[in-house]
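Because the structure is predicted, anything quoted here is derived from the model rather than measured.
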2 protein chains.
Amino acid sequence: MSEKISTPKDMKKEILRGIRATLLSCGSATKVELSEKLGISFPTITKFIHQMEEAGELLTLGLDESSGGRRAQRYAYNPDYQLSVALFLERTETQYTIYNSMGEVKEKGISPGFLLDGIETLAEQIESLIKRFPRIGSLAFGVPGSVNGGRIIYIPGYEKYHDFDLKDHFETRFKLPVVVENDMNAAVLGYYDKMDVQDNPSLVYLYFGQNGPGAGILVNGNVVRGSTSFSGEVSFVPLYDRRNFQQAITYVEGTNAAINEADRIDAVSRLIASLTAILNPNAVIFNRDEVNDRLLTAISARSASYISKEHLPKLTASDWQEDYLNGLKRLGLNLLISADH
Amino acid sequence: MSEKISTPKDMKKEILRGIRATLLSCGSATKVELSEKLGISFPTITKFIHQMEEAGELLTLGLDESSGGRRAQRYAYNPDYQLSVALFLERTETQYTIYNSMGEVKEKGISPGFLLDGIETLAEQIESLIKRFPRIGSLAFGVPGSVNGGRIIYIPGYEKYHDFDLKDHFETRFKLPVVVENDMNAAVLGYYDKMDVQDNPSLVYLYFGQNGPGAGILVNGNVVRGSTSFSGEVSFVPLYDRRNFQQAITYVEGTNAAINEADRIDAVSRLIASLTAILNPNAVIFNRDEVNDRLLTAISARSASYISKEHLPKLTASDWQEDYLNGLKRLGLNLLISADH
DNA sequence: CATACTTATTAAAGTAGTTTAATAAGTATT
DNA sequence: AATACTTATTAAACTACTTTAATAAGTATG
């Protein structure tokens, strides 16, 4: 209730963002197309396009074919006008990827990890990146732990960083917009971004991994964090009389492999059923390295024994690493296109 | 991506809405207070307040005590300026409640139910209500079935109304804004509205009932509907080797009552654990008629055997009928305060 | 009780968008 | 080739908010 209302002075930012987003998602557009898509008057679009062209933010692609009248000038976004960096914080190292507004990778590399070596080492590394690529306009960090509003809530094994505001720290240091996100949430965002844009779907990204399973959850297009940043900890779902999800998918030494697989298929199917009965998501995404088509078909069939097929989510496999990177890219780009200059 | 942007012509509506919402939630305010809370300039607030006062939409409460300078005029919203009707569609009858902008009930009554008697009978009844209360400015329908965007997707037992656009039907007929919501979703919204405003919490309203249990789910303050409007159908969550939630809470004839209750407590606790591992909601609300403090304490204790206490939701009991009505009231009022006149 | 100081209100100028009309540049038709 | 017709662009008038300055109405103090 009673929040601030968007005032005329916020309009410049909104219009810039709209033009950038439209040009990037459509590839190119004419002024009329922009005006219609954004619901902004033609003269205003003209003014902004002119400014952006002078700044070098736009490319002119020449004239359209005539549709019966004067030919229109076609514009595209200059993808190298601004760059962003995705940084994957891990135990011993920090992988970074520099990319442009089209998502094209400019450089990949490895920095010392801040979790072990401390934050200053990492900061210096970032500083040198910014020196070499002065067009870098935002930073996107991926973290294997809980994050809320740029603050690290919890990373298993690195208690000294609990409640550390990574976003604030780097924003004050580099005067650049920063976003911080959990790895699973970034992955589900990345997958969301990649797929054909359904309007605000619900998605669950299921990851097994060595440290126990976890899930990144999107509801109506928004990341779910939960009241204590515990959402997605599906290990704990009690699916059997005396086993939860984690226990049910753990390989039992010295048992029949075929039976064991069937048991694990049933466990995943029950989890899918739980997710469906609670959230009814559009899709559940698995890590391509952890499943195959045969397994997915089996899980799908088994799930139908718990809940009518029509309500079950689509089950798909995807490249986790790629989706994770893609999610951070998207978060970083969102910061770039929201810049108010 | 690339949606319409709020243009200056939308501002009037936004400002009106802001002033109304602030006055109703704060009780009263001065022009300066409104200006600061809404981030709108003082002259603009003055203009709008003047218009609203002339229309009779505002009450002047006299002058404030001086805080060292000229005393400020204090304004309040005239709660009877606009009315709204909440209509509970049920099998054999339709209960209606007419209330004002403060939520004060003006009249309660019963109409023929449209599910059995057809829509025209109900429409005529509403027409006569509007004739008697010409200040009615919106209609809010509660439906015991799935709803999406004002369209009834599914009501068990009334197949002829599947895919019927109730909102569109009554909006064209009465030229009034209409909102339609499922009963569980309305209840969870109503509870959300009642409690001290945490910022966008996640809540689950758990209802047992005769036709099997169901849940209304709010994530980040938004209603969860799911891809096929199946979300909240928690009956189907598989919690035991051979029983899902519905089966586990069904009373088994001829068994020991105490054991039976313990079993049901365990079933609910497991559901809470599942909800926590997936959504990690702030609270789970039960119908006051279906639980008591002793049960809640038992469920709470039992849940802690599945998931660490710190992550578990707060368990509370509330009046379902009241929350349901309150939710519809809120939805109807939201339409009133968004009116652009 | 006059003066200084606060705070509310009113008035005027400024800003940034929209709408509407005029102009420019092209295509199709006779 | 002249005319009618489209469509893109430019220019001028308009709208609605904000900012800034001026005024009004009150309180506290020497």
Side-chain angles (χ1 to χ4, degrees), chain A residues 3-20 22-23 26 28-55 58-76 340-341, chain B residues 3-20 22-23 26 28-55 58-76 340-341:
Chain A
E3 283 122 38
K4 299 252 172 176
I5 285 175
S6 76
T7 52
K9 64 189 166 192
D10 305 330
M11 284 212 70
K12 184 181 173 185
K13 208 169 162 177
E14 269 195 82
I15 294 172
L16 267 174
R17 187 192 162 84
I19 293 176
R20 287 172 178 141
T22 307
L23 286 176
C26 300
S28 68
T30 67
K31 290 183 189 171
V32 171
E33 285 168 8
L34 286 170
S35 171
E36 284 171 355
K37 285 215 174 153
L38 295 170
I40 296 291
S41 74
F42 187 90
T44 302
I45 295 289
T46 300
K47 192 182 102 189
F48 277 85
I49 290 287
H50 181 72
Q51 285 170 5
M52 293 169 83
E53 203 180 350
E54 288 218 319
L58 296 183
L59 304 171
T60 53
L61 300 185
L63 301 170
D64 263 24
E65 288 302 293
S66 169
S67 55
R70 177 172 171 176
R71 296 165 69 188
Q73 181 65 251
R74 179 158 291 274
Y75 298 89
D340 54 352
H341 53 82
Chain B
E3 283 122 39
K4 300 253 173 174
I5 286 175
S6 75
T7 52
K9 62 189 164 190
D10 306 330
M11 285 211 70
K12 184 181 173 186
K13 208 169 163 176
E14 268 194 82
I15 294 172
L16 267 173
R17 186 193 163 83
I19 292 176
R20 288 173 179 142
T22 308
L23 285 177
C26 299
S28 68
T30 67
K31 289 183 189 172
V32 171
E33 286 168 7
L34 286 170
S35 171
E36 283 171 357
K37 287 216 174 154
L38 295 170
I40 297 290
S41 74
F42 187 89
T44 302
I45 295 289
T46 299
K47 192 181 102 188
F48 277 86
I49 290 288
H50 180 72
Q51 285 170 6
M52 292 168 83
E53 203 181 349
E54 288 219 318
L58 296 183
L59 304 171
T60 54
L61 299 185
L63 301 171
D64 263 24
E65 287 302 293
S66 170
S67 53
R70 176 169 169 177
R71 297 164 69 187
Q73 181 66 251
R74 178 158 292 274
Y75 299 89
D340 53 353
H341 54 84

Does some side-chain heavy atom of [Y] sit less than 4.5 Å from a side-chain heavy atom of [X]?
{"X": "A/M52", "Y": "A/L16", "result": "yes"}
{"X": "A/I19", "Y": "A/I40", "result": "no"}
{"X": "A/L34", "Y": "A/I49", "result": "yes"}
{"X": "A/I5", "Y": "B/R17", "result": "no"}
{"X": "A/Y75", "Y": "A/L59", "result": "no"}
{"X": "A/C26", "Y": "A/K37", "result": "yes"}

Measure [atom1]/[X] against [atom2]/[N] and give the value in whole Å, please.
{"X": "B/E65", "N": "D/dA25", "atom1": "CD", "atom2": "P", "answer": "19 Å"}
{"X": "B/R74", "N": "D/dG26", "atom1": "CZ", "atom2": "C1'", "answer": "17 Å"}
{"X": "A/E14", "N": "C/dA16", "atom1": "CD", "atom2": "C1'", "answer": "14 Å"}
{"X": "A/R71", "N": "D/dT9", "atom1": "CZ", "atom2": "C1'", "answer": "16 Å"}
{"X": "A/D64", "N": "D/dT6", "atom1": "CG", "atom2": "P", "answer": "19 Å"}
{"X": "B/H50", "N": "C/dT9", "atom1": "NE2", "atom2": "P", "answer": "14 Å"}
{"X": "B/D10", "N": "C/dT18", "atom1": "CG", "atom2": "P", "answer": "10 Å"}
{"X": "B/E33", "N": "C/dT7", "atom1": "CD", "atom2": "C1'", "answer": "13 Å"}

| query | Any idea which heavy atoms bring A/L61 and A/S28 closest together, and the distance? | reply | CD1-CB, 3.7 Å

| query | Minimum heavy-atom separation for A/E33 to A/R74, with atom names? | reply | OE2-NH2, 3.1 Å

| message | Counting runs of three or more consecutive pairs, Watson-Crick or G-U wobble, with each distance below 3.5 Å, where are the stems of DNA chain C? | response | C:1-30 with D:1-30

Report all interatomic pairs (protein N or O, nucleotide N or O of nucleotides 12-23 of chain D) with separations under 3.5 Å.
unit_1	atom_1	unit_2	atom_2	d
D/dC17	OP2	B/K47	NZ	2.4
D/dT18	OP1	B/S41	N	3.3
D/dT18	OP2	B/S41	N	3.1
D/dT18	OP2	B/S41	OG	2.3
D/dT18	OP2	B/T44	OG1	2.4

| Can you tell me if B/Q73 uses its side chain to pair, donor with acceptor, with the backbone of B/T30 under 3.5 Å? | no

